[in-house]
Amino acid sequence: MKQPITGYHCDEEGHCVAQLSCGHNQHVRHQPPWVNRPWVVTAEGRQGMLGFRLNCVKCEEGAPPDERPPAETLRG
């Protein structure tokens, strides 16, 4: 199920994580094709992707929302 991106944060390992409107998080730097995309590695790119929809496997599995920091756009 596709969910809109509402913000980003860094996890404890420093990887970019997209926060989805369903309350789940999705890493966007661990798997291709996200690794070197400008919308992941630049603040302007991430800001432009707010509202873009990503497939959320956790929704399909019926997982509860993740604990996460408040939605905010990362600085580059």
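Positions are given from 1 along the sequence.
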Item to complete: With side chain to side chain donor-acceptor pair (under 3.5 Å) as the test, would you mind laying out the steps for H24 and Q3 before giving the verdict?
Response: CA-CA 9 Å; H24 294 122; Q3 298 290 337; over 6 Å; no
Can you give me every donor-acceptor pair (side chain of residues 48-63, partner residue at least two apart or in another chain, under 3.5 Å) with its distance?
unit_1 : atom_1 : unit_2 : atom_2 : d
R53    : NH2    : K2     : O      : 3.0
N55    : OD1    : M1     : N      : 3.0
K58    : NZ     : D66    : OD1    : 3.2
K58    : NZ     : D66    : OD2    : 3.0
E60    : OE2    : M1     : N      : 2.6

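- Of the inter-residue distances, the one linking I5 atom CD1 with Q19 atom CD reads 10.0 Å to the nearest 0.5 angstrom.
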Discussion item. Let's go through Q26 and V17 carefully: what are the C-alpha distance in whole Å and the side-chain angles of both, what is the deciding distance for side-chain contact (heavy atoms from CB on, under 4.5 Å) to 0.1 Å, and is it a yes or a no?
Written reply: CA-CA 5 Å; Q26 181 166 317; V17 177; 5.8 Å; no
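- With sequence neighbours excluded, no residue satisfies side-chain contact (heavy atoms from CB on, under 4.5 Å) with P65.
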